[in-house]
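Okay, so here's the structure we're looking at.
Along the sequence shown, residues are numbered consecutively beginning with 1.
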Amino acid sequence: MLFMIMPEIACAAETAMVADTAWWVWVLGLFVFSFVLGIVAVVAGVGGGVLYVPIVSSFFPFHIDFVRGTGLLVALAGALSAGAPLLRKGLANLKMALSMSLIGSISSIAGALVGLALPENVIQLSLGLTILGITVIMFLSKNSAYPQIEKPDSLSQVLQIYGIYYDEHLKKEVNWQIHRTPVGLLLFIVIGFMAGMFGLGAGWANVPVFNLVLGAPLRVSVATSVFVLSVNDTAAAWVYLHKGAVLPLIAVPSVAGMMLGTKIGAKLLTKVHTNVVRRVVITLLGVAGLRALLKGFGI
């Protein structure tokens, strides 16, 4: 009896605490959290949604559908805000971004439709398992800052995907090219579906694919991932907007905080060591994923 009653008591206490808290406290909390998230997301190259959705759905009193819809807008706002500075620095490559995002945007629409059709507890469980899986992948992956590609594949040559940028750490210009482009296109189908289904933004997956599979330099991978997010998230966000799963009270402070934070993050991208930030991100993802998993089980 005690074990059966305890969850109900905890739920009632949480509901009372939420009811006693002024609405503007949650709005201010979302703005501050999104501002910090914007800085961390750009420097770490994970995208805003992958941290926003699990953390906000776990520690803020909002329905998961509204959080996922806002998560896509947050990732989109961060991408659009950070895009121009990264493009001016020559870090982002539009040809690579458009090639991958074209196929990813189609699958993201399908993912959004599937995600809105599933029950909340199923989404929480799936989200928790996905976030914990992402945490393990990020922990085990060893990013190569400057991969050496001896010969590009024929598809990347046809698409003319290559580039050059000035590296402030090496104090010289870095030439780069990619390979295994067909494999990357297939992976972006899966990435787009997951981005739409969970509202994660998928920057966590874009960067490893660009860096480890295609062989683009790490900083180019992070910067190009920003533009992929802007295309994929726009496609999925329309589905959530059409279904009424975007609440202005949640979306406005979140988007405003993200846009301010990403402008700072874009300036710090070439100066801050990404490994330090990635350790913080991995820790936050682990906690948020475990929290989402427990909520899915009703704990």
Distance-minimising heavy-atom pair for Tyr162 and Asn93: O-ND2, 3.2 Å

Heavy-atom closest pair, residues Met96 and Ile161: CB-CG2, 3.6 Å

Flag the pair [X] / [Y] as yes when at least one side-chain heavy-atom distance between them is below 4.5 Å, and no otherwise.
X      : Y      : value
Trp176 : Ile164 : no
Tyr165 : Glu173 : no
Phe33  : Leu28  : no
Leu73  : Tyr240 : no
Trp26  : Pro61  : yes

Evaluation steps, side-chain contact (heavy atoms from CB on, under 4.5 Å), between Val252 and Val27: CA-CA 9 Å; Val252 172; Val27 173; over 6 Å; no

Asp153 and Thr181: side chain donor to acceptor below 3.5 Å: yes

Donor-acceptor side-chain pairing of Thr70 and Tyr52 below 3.5 angstrom: no

Rounded to the nearest 0.5 Å, how far apart are [atom1] of [X] and [atom2] of [Y]?
X      : Y      : atom1 : atom2 : result
Leu113 : Lys243 : CG    : NZ    : 6.5 Å
Ser154 : Leu159 : OG    : CG    : 9.5 Å
Gln160 : Lys95  : CD    : NZ    : 4.0 Å
Ile178 : Ser99  : CD1   : OG    : 7.5 Å
Leu249 : Leu30  : CG    : CG    : 8.0 Å
Ser105 : Met100 : OG    : CE    : 13.0 Å

Under 4.5 Å between side-chain heavy atoms, hopping through other hydrophobics if needed: is there a path connecting [X] to [Y]?
X      : Y      : result
Ile189 : Leu102 : no
Leu98  : Ile109 : no
Val220 : Leu185 : yes
Leu37  : Phe62  : yes
Ile149 : Leu155 : no

Atom NE2 of His63: over 12 foreign heavy atoms under 6.0 Å: yes

Aromatic plane relationship, Phe188 with Phe210 - under 30° parallel, 30 to 60° tilted, over 60° perpendicular: tilted

Would you check if the side chain of [X] reaches a backbone N or O of [Y] as a donor-acceptor pair within less than 3.5 Å?
X      : Y      : value
Ser34  : Phe31  : no
Thr224 : Ser221 : no
Gln177 : Gly163 : no

Test log, rule side-chain contact (heavy atoms from CB on, under 4.5 Å), inputs Val36 and Ile39: CA-CA 5 Å; Val36 177; Ile39 300 175; 5.8 Å; no

Test side-chain contact (heavy atoms from CB on, under 4.5 Å) applied to His179 and Leu214, step by step: CA-CA 5 Å; His179 62 173; Leu214 300 181; 5.5 Å; no

Stepwise side-chain contact (heavy atoms from CB on, under 4.5 Å) check, Phe35 with Ile264: CA-CA 9 Å; Phe35 174 75; Ile264 298 176; 3.6 Å; yes

